[in-house]
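Scroll down for the structure; my scribbles are underneath it.
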There are 2 protein chains.
Amino acid sequence: MPRQAILEALRKANKHFSTEELYHVVHKKYPAIGLATVYRTLELLCQIGLIFKFDFGDGLSRYELAVGPDQNHHHHLICTTCGRIIDFSELVEEETRVTRELENVLSKKYNFKIDSHQTHFLGLCEKCLSDLKGSDLSAATGTLK
Amino acid sequence: MPRQAILEALRKANKHFSTEELYHVVHKKYPAIGLATVYRTLELLCQIGLIFKFDFGDGLSRYELAVGPDQNHHHHLICTTCGRIIDFSELVEEETRVTRELENVLSKKYNFKIDSHQTHFLGLCEKCLSDLKGSDLSAATGTLK
DNA sequence: TTCTAATTGAAAATGATTATCATTTACATT
DNA sequence: AATGTAAATGATAATCATTTTCAATTAGAA
């Protein structure tokens with residue numbers, strides 16, 4: 001039952017949920033379910049391949065439900081200031097072509113069996129960009145105290 | 001002085017050193033230098049841009065010295081079984097072209113200032129692959145006890 | 001020299017994740 | 001239904017990388 005409850009919750013949850021987030025959602029509805037079970041279930045689902053685990057560098061593990069056709073393409077924009085994560089799927093066709101090529105070369109050269117790949121673009125999101133400009137301005141002009 | 005010692009050490013260190021690894025190297029030569037300073041210095045060097053920080057999913061932060069011409073291209077093969085990390089730079093030209101294109105589209109669409117990107121290929125390295133085949137064989141044939 | 005701010009090392013605190021272990025559950029076989 | 005056994009669970013403790021704290025030291029300016 002816990003596993004079903006967790007799966008149900010993460011189907012509704014937003015993308016890139018953390019373990020803690022999911023635990024809160026599940027625990028509110030099923031107070032008997034503990035944190036350890038959430039961890040264990042997520043690991044299990046990961047092994048089965050129903051979800052993917054990511055690490056975006058903020059110290060939390062994040063997960064993503066494995067649905068849709070492109071299950072081994074995982075591309076994210078990550079704001080290095082606020083940690084916001086944006087999914088994208090632009091230019092998948094062309095990127096896929098290059099990646100296939102790359103995977104072929106690499107797997108032969110290094111005898112490496114490639115299962116999946118992920119690309120992270122690091123930078124500043126819209127909000128943090130404008131925040132930064134604001135503070136730069138005030139610093140430069142000496143206004144706003 | 002500690003910072004120089006740390007920089008010196010990481011110039012000699014192998015790629016993808018962890019904080020702990022670096023601490024051991026530095027501490028052996030300069031026993032007065034503590035772990036906290038290594039952490040602090042690595043963070044500092046990261047902000048300055050002298051090193052890059054990576055997270056390959058094994059719970060440790062890894063660093064890479066920022067030298068060479070392609071400083072915003074970071075591509076790795078990561079073995080999901082033993083954690084081995086392989087650097088590669090094949091097909092950089094073509095991959096760069098596609099990536100530039102992607103970055104243009106993305107930064108416009110999401111108002112996102114992209115500073116760098118990294119691509120991780122996940123799978124099995126040569127050794128783990130052969131280990132796996134070995135155990136499969138023995139399991140299938142029932143040999144080797 | 002004297003003052004001040006930055007740097008440091010040791011140790012404690014933090015926080016996510018994992019391991020432990022007694023209890024509960026599932027379920028196949030009576 | 002009753003029983004037995006292995007898997008699953010929840011609470012708690014343990015682990016471990018990283019961060020924070022804080023007193024002591026250092027560096028550099030005045």
Side-chain angles (χ1 to χ4, degrees), chain A residues 1-10 13-64 78 80-85 122, chain B residues 1-10 13-48 50-64 78 80-85 120 122:
Chain A
M1 183 61 77
R3 292 184 183 169
Q4 289 178 30
I6 290 168
L7 238 177
E8 173 198 342
L10 65 80
N14 59 329
K15 269 193 161 191
H16 310 128
F17 48 88
S18 68
T19 316
E20 201 76 19
E21 279 170 8
L22 199 64
Y23 168 67
H24 284 312
V25 172
V26 172
H27 194 258
K28 192 184 288 180
K29 193 161 184 178
Y30 304 91
I33 294 176
L35 181 58
T37 300
V38 176
Y39 270 101
R40 279 187 290 236
T41 305
L42 288 177
E43 191 195 345
L44 192 67
L45 295 173
C46 222
Q47 287 177 351
I48 297 174
L50 272 179
I51 59 177
F52 291 99
K53 184 179 188 174
F54 292 98
D55 198 317
F56 295 125
D58 62 347
L60 298 198
S61 290
R62 306 269 170 171
Y63 299 88
E64 192 175 312
I78 302 161
T80 50
T81 297
C82 72
R84 187 148 80 103
I85 298 156
L122 306 173
Chain B
M1 182 62 75
R3 289 183 188 171
Q4 290 178 28
I6 289 167
L7 237 178
E8 173 198 342
L10 65 80
N14 59 328
K15 270 193 159 191
H16 310 127
F17 47 89
S18 67
T19 316
E20 199 77 17
E21 279 169 10
L22 198 63
Y23 168 68
H24 284 312
V25 173
V26 173
H27 194 258
K28 192 183 289 178
K29 194 162 186 180
Y30 303 91
I33 295 176
L35 181 57
T37 300
V38 175
Y39 271 102
R40 280 188 288 235
T41 305
L42 287 177
E43 192 196 346
L44 192 66
L45 295 173
C46 223
Q47 287 175 351
I48 296 173
L50 272 179
I51 59 176
F52 291 98
K53 184 179 188 176
F54 293 98
D55 198 317
F56 296 126
D58 61 349
L60 299 198
S61 290
R62 307 270 171 171
Y63 299 88
E64 193 174 312
I78 302 161
T80 51
T81 297
C82 72
R84 186 148 82 103
I85 298 157
H120 293 178
L122 307 173

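Note on naming: letters A, B, ... go to the chains in the order of the sequence lines (proteins, then strands), and numbering restarts at 1 for each one.
- Spacing between atom CD1 of A:Ile6 and atom P of D:dA8 amounts to 13 Å, rounded to whole angstrom units.
- What separates NE2 of A:His27 from P of D:dT9 is a distance of 15 Å, to the nearest Å.
- Ring geometry for B:Phe56 against B:Phe54 counts as parallel: the plane angle stays under 30°, on a 0 to 90° scale with 60° as the upper cut.
- Of the two residues contacting DNA chain D, namely A:Gly34 and B:Glu43, the nearest-nucleotide position lying further toward the 5' end is that of A:Gly34.
- Atom CD in B:Glu20 sits 6.0 Å away from atom CG in B:Leu35 (nearest 0.5 Å).
- Taking 4.0 angstrom as the limit, B:Arg3 places a side-chain polar atom (N or O) nearer than this to OP1 or OP2 of C:dT8.
- When rounded to the nearest whole Å, the span between CG of A:Leu35 and C1' of C:dA19 equals 13 Å.
- Applying the 4.0 Å criterion to OP1 and OP2 of C:dT17, one finds that A:Ser61 has a side-chain N or O inside that range.
- Taking atom CG of residue A:Asp58 and atom C1' of nucleotide C:dT17, one finds them 14 Å apart after rounding to whole Å.
- Screening A:Arg62, A:Arg84, A:Glu21, A:Glu64 for a side-chain hydrogen bond (donor to acceptor under 3.5 Å, both in side chains) involving A:His16 leaves a single residue, A:Glu64.
- Contact check, B:Thr19 against D:dT18: a side-chain N or O comes under 4.0 Å of OP1 or OP2.
- Proximity of B:Ile78 to B:Asp58: side-chain heavy atoms (C-beta onward) are nowhere separated by under 4.5 Å.
- In this structure, the CG atom of A:Leu42 is 15 Å from the P atom of C:dA16, given to the nearest Å.
- For the pair B:Arg40 and A:Arg40, nearest-nucleotide mapping onto DNA chain C gives the more 5' position to B:Arg40.
- In this structure, B:Leu60 atom CG and C:dA16 atom P are separated by 18 Å, rounded to whole Å.
- The nearest whole Å value for the distance from the CD atom in B:Gln4 to the C1' atom in C:dT8 is 15 Å.
- A:Leu7 is listed as a side-chain neighbour of A:Leu50, based on a closest heavy-atom distance under 4.5 Å.
- Between A:Thr37 and the phosphate of D:dT9, there is no side-chain N or O to OP1/OP2 separation shorter than 4.0 Å.
- Distance CZ (A:Phe54) to P (C:dA16): 21 Å, rounded to an integer number of Å.
- Taking side-chain N and O atoms only, B:Tyr39 has a distance below 4.0 Å to OP1 or OP2 of D:dT18.
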